[in-house]
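First up is the structure itself, then whatever we jot down about it.
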Amino acid sequence: IAKIDQRRKKYPFPKLHNYRMGAISYSEIWKEMIQSNLKERKKISGLGSDRADIIVAGSTIIMALLDIIKAPNLVISGCGVRDGIFFDYYRKMEKKDVVIPDILAHSTRNMLNFYKADEEHAHQVESLSLDIFDTLRDRSEFTSRDRKLLSVASQLHDIGITINYYDHARHSAYLVENARLYGLSHREQMICAVLVAWHGGSRTKQVRRYYGQFLDESDWQRSRRMGLILALGEAMEFTQSGIVLGLREKLIGDLLKIRMICRVHPEQELRVMAPIISALEKEMNIKIELKIEIIQERSTTGETTRLLN
C-alpha cells in the first residue's frame with residue numbers, strides 16, 4: 001500500500017522504511033482495492049502481481065485497526081519478523097540486551113564497520129565537530145536533534161572512500177542516503193546526506209537540485225552551517241594523525257575563540273582550515289579567533305611543556 005502511495009505522489013525517495021502515510025490516503029487506496037477485481041489490481045502501479053490476490057485481506061485488517069484507534073497516520077516499517085528473529089538470536093548469543101537502547105547509534109556503527117572506515121578518524125572528527133556545534137548551538141538555534149544528525153554525518157563522512165577516494169564525499173552522500181539507518185525520518189536522512197556531501201566541497205547548486213524536494217529554507221540554512229562545522233572538524237584532522245588533542249572554545253558576542261590543543265604545530269591542518277573558517281564566519285556572521293597550544297612531553301622525565309602560539 002505504501003509503495004502504491006509513493007508511486008501516485010511521485011515520491012522522490014524509493015525507500016519504505018519510516019515512510020509516513022496519512023489515514024485518509026490509506027483509506028482511499030483500500031477502497032480501491034476492495035472495489036476492484038484481481039485482474040484490475042494486477043495493473044495497479046506499485047502492487048506486485050503476486051500480492052494482488054491477498055492484498056484485500058491484509059489491507060482490511062490495517063484499515064480496521066486505523067478505525068479502532070483513530071490514528072491520523074501510519075509509519076511503515078521495512079523490517080519484518082525475520083529481522084526480529086535474527087536480532088533476538090544474535091543479541092542473546094552476544095549476551096546483550098535484546099532491546100537496543102539507541103537504534104540510531106547502533107545502525108550508524110554498523111554502517112561504519114560494514115564499509116571498513118577508519119573508526120579512529122571518524123570518531124575524532126565527530127568529537128571535534130560536536131565541540132564546535134555545542135559552542136555555536138545557541139547562536140544558530142540548533143536543536144538536540146540537529147546534534148544527532150551531525151553526529152551521524154561526521155561518523156559516516158568518509159565511507160564513500162570504499163567506492164573511490166576521489167570525489168568520495170559524493171559517494172559517501174549516496175551511501176548515507178540509501179543506508180539502513182534506523183531512527184531517522186526520510187527528511188533527517190536527507191539532511192545527513194547533505195552534510196556529508198558538503199563536507200568535501202560539493203557545489204551547493206548540485207546538492208540543492210538533488211535534495212531540494214525534501215528540505216525547506218530553514219533546513220538548508222541549518223544544513224549549510226552544520227556542513228561547515230563538519231568540514232572544519234575534518235580539516236582539524238586533515239593528516240589523520242591525531243595532532244589535535246582537544247579544543248577549548250568560548251563564544252563572546254560575535255567572537256568565537258578557539259584554542260586548539262595540539263601535539264605538534266598543525267601546519268597542514270591550518271592551511272585547509274583557513275577557507276572553511278572564512279566561510280563559517282560569513283555564514284554565521286561571526287569572527288573566529290584561533291590560537292594554538294602545543295603540548296610537548298619529554299620522554300625521559302615525563303614533564304609536559306605547553307607552548308602557546
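Given the structure is predicted, the values throughout are model-derived calculations rather than measurements.
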Does any non-hydrogen side-chain atom of [Y] lie less than 4.5 Å from one of [X]?
| X | Y | value |
| --- | --- | --- |
| L130 | R147 | yes |
| R222 | L149 | no |
| S151 | E126 | yes |
| T135 | K250 | no |
| I159 | F114 | no |
| K15 | N178 | no |
| R7 | I4 | no |
| E177 | M190 | yes |

Is it true that a side-chain atom of [X] and a backbone atom of [Y] form a donor plus acceptor pair closer than 3.5 Å?
| X | Y | value |
| --- | --- | --- |
| S27 | A23 | no |
| N164 | Y166 | yes |
| Q155 | A105 | no |
| D134 | D131 | no |
| Q189 | A179 | yes |
| E249 | L256 | no |
| T162 | Y115 | yes |
| E281 | I288 | yes |

May I ask you to say whether R41 pairs ionically with D53, meaning some side-chain N is under 4.0 Å from a carboxylate O?
no
Please identify each residue that fulfils side-chain hydrogen bond (donor to acceptor under 3.5 Å, both in side chains) with [X], with sequence neighbours left out.
| X | result |
| --- | --- |
| S36 | none |
| S140 | R225 |
| T143 | D146 |

Return each pair, listed once, that meets side-chain hydrogen bond (donor to acceptor under 3.5 Å, both in side chains) where at least one residue sits in residues 63-86; pairs must be two or more places apart or across chains.
none
Going by side-chain heavy atoms closer than 4.5 Å, which hydrophobic residues are tied to [X], directly or by a chain of links?
| X | result |
| --- | --- |
| I243 | V264 |
| V75 | none |
| I54 | none |
| I85 | V81 |

Flag for R271-Q268: side-chain donor and acceptor within less than 3.5 Å
yes
Is [X] atom [atom1] crowded by more than 12 heavy atoms from other residues, nucleotides or ligands, each under 6.0 Å away?
| X | atom1 | value |
| --- | --- | --- |
| E141 | CD | no |
| I252 | CD1 | yes |
| R51 | CZ | no |
| K42 | NZ | no |
| E119 | CD | yes |

Taking ring-ring contact (aromatic ring centres under 6.0 Å, His included) as the test, write out the residues that go with F13, two or more places apart.
H186, F214
Please find out if less than 6.0 Å separates the ring center of Y165 from that of H168.
yes
State the CG-CZ distance between L150 and R145, to the nearest 0.5 angstrom.
13.0 Å
If you group Ile, Leu, Val, Met, Phe, Trp and Tyr by side-chain heavy-atom gaps below 4.5 Å, do I34 and I44 land in one group?
yes
Going hydrophobic residue to hydrophobic residue with side-chain gaps under 4.5 angstrom, can you get from I161 over to L175?
no
What residue pairs, at least two apart or across chains, pass ring-ring contact (aromatic ring centres under 6.0 Å, His included) with a residue in residues 15-48?
Y11-Y19, H17-Y182
Decide side chain to side chain contact (heavy atoms under 4.5 Å, CB included) for R259 and L247; before the verdict, give the C-alpha distance in whole Å, the side-chain angles of both, and the deciding distance to 0.1 Å.
CA-CA 6 Å; R259 179 173 293 190; L247 303 175; over 6 Å; no
What residues, two or more places apart in sequence or in another chain, satisfy salt bridge (charged side-chain N to carboxylate O under 4.0 Å, His left out) together with D88?
K92
Contact list for residues 20-39, test salt bridge (Lys or Arg N to Asp or Glu O under 4.0 Å), sequence neighbours left out
R8-E32
